[in-house]
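Heads up: the structure comes next, in structure tokens.
All values below come from the heavy atoms of this structure, side chains included, with hydrogens, waters and symmetry mates left out. As the structure is a prediction and not an experimental result, all values here were calculated from the model.
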Amino acid sequence: MIKNLFLSLLVGLFFISCNKTVQNAEEMHVNEGHITVVADESFKNIVDAEVNAYMSHYPKTEFDIVYVPEQKAIGLMLSDSAELAIVSRPLTEKEQNYYLARNIEYQPGRMALDAVTLITSKDVNLESISMAQLSSILKGEESEYKLVFDNSSSSNLNLMLDKFEIKELSNTNISAAKGTEDVFNFIENSKKSIGVIGHNWISDEDHKPSMALKSRVKILGIQVEDGSVIYPNAQSLRSQSYPLIKTVYLHTTQHRWGVAKGFVRFACSQIGQLVVEKMGLQPYYLIPKKYEMFDTPEISTVE
């Protein structure tokens with residue numbers, strides 16, 4: 001009996017030791033290493049904030065962050081040029097073939113609810129715009145205003161085309177800048193244009209560069225069906241009453257524990273979700289929501 005008890009204790013200690021070894025090995029993989037991240041440029045501020053938070057917890061990690069249009073980000077990840085892609089949509093069935101071919105389980109992370117925000121010059125005599133007006137502009141119908149997107153295939157354009165079920169894009173009323181900061185520069189000097197940006201660029205009230213950008217322009221509200229005007233802010237994201245909300249998706253091709261998978265887990269955990277909340281966005285795991293996005297046609301560039 002004593003012998004059996006002794007063996008039981010040995011087995012118990014063995015499994016405890018194994019569990020600790022597995023946990024320690026996993027921790028070692030996520031807290032040290034270098035990865036390349038490709039992200040839609042409209043998510044720059046929230047991505048920078050999450051990466052900085054991760055690196056403060058794991059100072060031996062290194063990140064190369066490349067900001068590109070959404071579809072290019074996905075393409076770079078699927079061609080093994082990056083371990084992590086941060087975009088506004090799940091992967092299509094065709095894109096998921098990468099995972100099937102390598103026997104990797106496809107498990108996208110969802111980090112936050114962000115929003116498409118509309119901005120104008122402070123000199124523009126416009127405080128809000130209706131969804132019907134936005135649809136009309138995108139369809140190339142007669143309009144006093146033009147839309148200027150952050151780039152020619154951004155997540156902001158993806159969401160709006162999907163929202164209004166537009167398959168073919170008219171270039172009559174829309175154009176693309178060379179990034180979000182270029183949108184601000186262009187909009188400040190235009191009385192006939194509406195800029196389209198990611199809300200996280202101006203959502204963090206404690207971030208001086210964001211507040212400096214916000215002070216340069218006017219934020220437009222969106223008029224919804226009941227006639228009320230809704231502005232993008234923490235409250236309208238939380239209630240999901242703002243009509244142009246988008247989800248921040250995290251995709252990784254890393255099938256074993258490493259910095260990429262560790263970052264996804266971190267961003268979707270309590271600490272990462274607190275970073276989202278501090279940024280003035282809506283943490284995804286408090287109010288889950290899924291949006292389907294599709295590929296977008298190219299649009300002309302602002303000169």
Side-chain angles (χ1 to χ4, degrees), residues 40 42 70 88-89 113-177 180 182-203 213-214 216-237 239-247 289 291-303:
D40 187 85
S42 73
E70 181 166 81
S88 73
R89 66 171 178 85
L113 298 186
D114 194 1
V116 173
T117 294
L118 307 176
I119 60 175
T120 65
S121 165
K122 290 184 174 181
D123 297 327
V124 171
N125 186 26
L126 185 68
E127 302 298 328
S128 65
I129 189 169
S130 70
M131 293 291 281
Q133 287 174 298
L134 283 174
S135 177
S136 178
I137 294 172
L138 283 166
K139 290 175 181 176
E141 298 168 2
E142 191 66 29
S143 173
E144 181 181 357
Y145 299 100
K146 297 182 183 297
L147 295 176
V148 180
F149 287 86
D150 43 0
N151 62 64
S152 62
S153 56
S154 77
S155 64
N156 295 321
L157 179 61
N158 282 353
L159 183 139
M160 292 182 75
L161 293 181
D162 183 53
K163 187 77 174 180
F164 297 111
E165 299 181 346
I166 296 173
K167 303 298 183 184
E168 293 186 10
L169 191 63
S170 168
N171 290 335
T172 306
N173 296 329
I174 65 173
S175 57
T180 300
D182 198 38
V183 174
F184 280 89
N185 295 334
F186 182 83
I187 289 299
E188 272 190 303
N189 301 306
S190 174
K191 294 185 179 181
K192 296 294 180 181
S193 298
I194 298 172
V196 185
I197 65 167
H199 184 59
N200 72 97
W201 275 79
I202 55 171
S203 63
L213 283 176
K214 187 176 181 179
R216 291 166 53 187
V217 296
K218 181 193 296 184
I219 310 300
L220 291 184
I222 296 182
Q223 186 176 15
V224 293
E225 289 183 3
D226 65 3
S228 60
V229 175
I230 303 174
Y231 290 85
N233 52 44
Q235 183 178 354
S236 65
L237 288 178
S239 65
Q240 297 184 65
S241 56
Y242 186 71
L244 297 177
I245 291 176
K246 58 180 180 176
T247 302
K289 185 96 174 178
Y291 296 89
E292 298 289 344
M293 301 298 173
F294 302 92
D295 296 347
T296 63
E298 294 287 327
I299 57 178
S300 58
T301 302
V302 169
E303 298 295 337

Donor-acceptor pair, side chain of [X] and main chain of [Y], under 3.5 angstrom:
X    : Y    : answer
D182 : A177 : no
Q240 : L237 : no
E70  : S153 : no
D150 : T180 : no
S236 : N233 : yes

Any side-chain heavy-atom pair from [X] and [Y] closer than 4.5 angstrom?
X    : Y    : value
T120 : Y145 : no
S143 : N173 : yes
I230 : V224 : yes
L220 : E127 : no
V196 : M160 : yes
M131 : P243 : yes

Sequence neighbours left out, what passes salt bridge (Lys or Arg N to Asp or Glu O under 4.0 Å) with E144? Give chain and number order.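 Scan of E144 (salt bridge (Lys or Arg N to Asp or Glu O under 4.0 Å), adjacent residues dropped) gives K192.
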Is it the case that atom CD in E141 sees more than 12 heavy atoms from other parts of the structure closer than 6.0 Å?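 Count over threshold, so yes.
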Partners passing side-chain contact (heavy atoms from CB on, under 4.5 Å) against N125 (at least two apart in sequence or in another chain):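 N125 satisfies side-chain contact (heavy atoms from CB on, under 4.5 Å) with no residue once adjacent residues are dropped.
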Verdict with supporting geometry, K122 and E188, salt bridge (Lys or Arg N to Asp or Glu O under 4.0 Å): CA-CA 7 Å; K122 290 184 174 181; E188 272 190 303; over 6 Å; no
Option passing side-chain contact (heavy atoms from CB on, under 4.5 Å) with P232 (candidates I219, I202, V116):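 Checked I219, I202, V116 against P232; only one passes side-chain contact (heavy atoms from CB on, under 4.5 Å): I219.
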Is there a side-chain contact (heavy atoms from CB on, under 4.5 Å) between T247 and L113 once you walk through the steps? CA-CA 5 Å; T247 302; L113 298 186; 3.6 Å; yes
Before giving the answer on side-chain contact (heavy atoms from CB on, under 4.5 Å), spell out for I187 and V124 the whole-Å C-alpha distance, their side-chain angles and the decisive distance to 0.1 Å. CA-CA 10 Å; I187 289 299; V124 171; over 6 Å; no
Rounded to the nearest 0.5 Å, what separates atom CG in D114 from atom CG in L244?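 Interatomic distance, D114 CG to L244 CG, rounded to 0.5 Å: 11.5 Å.
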Taking it one step at a time, do K246 and N156 satisfy side-chain contact (heavy atoms from CB on, under 4.5 Å)? CA-CA 8 Å; K246 58 180 180 176; N156 295 321; 2.6 Å; yes
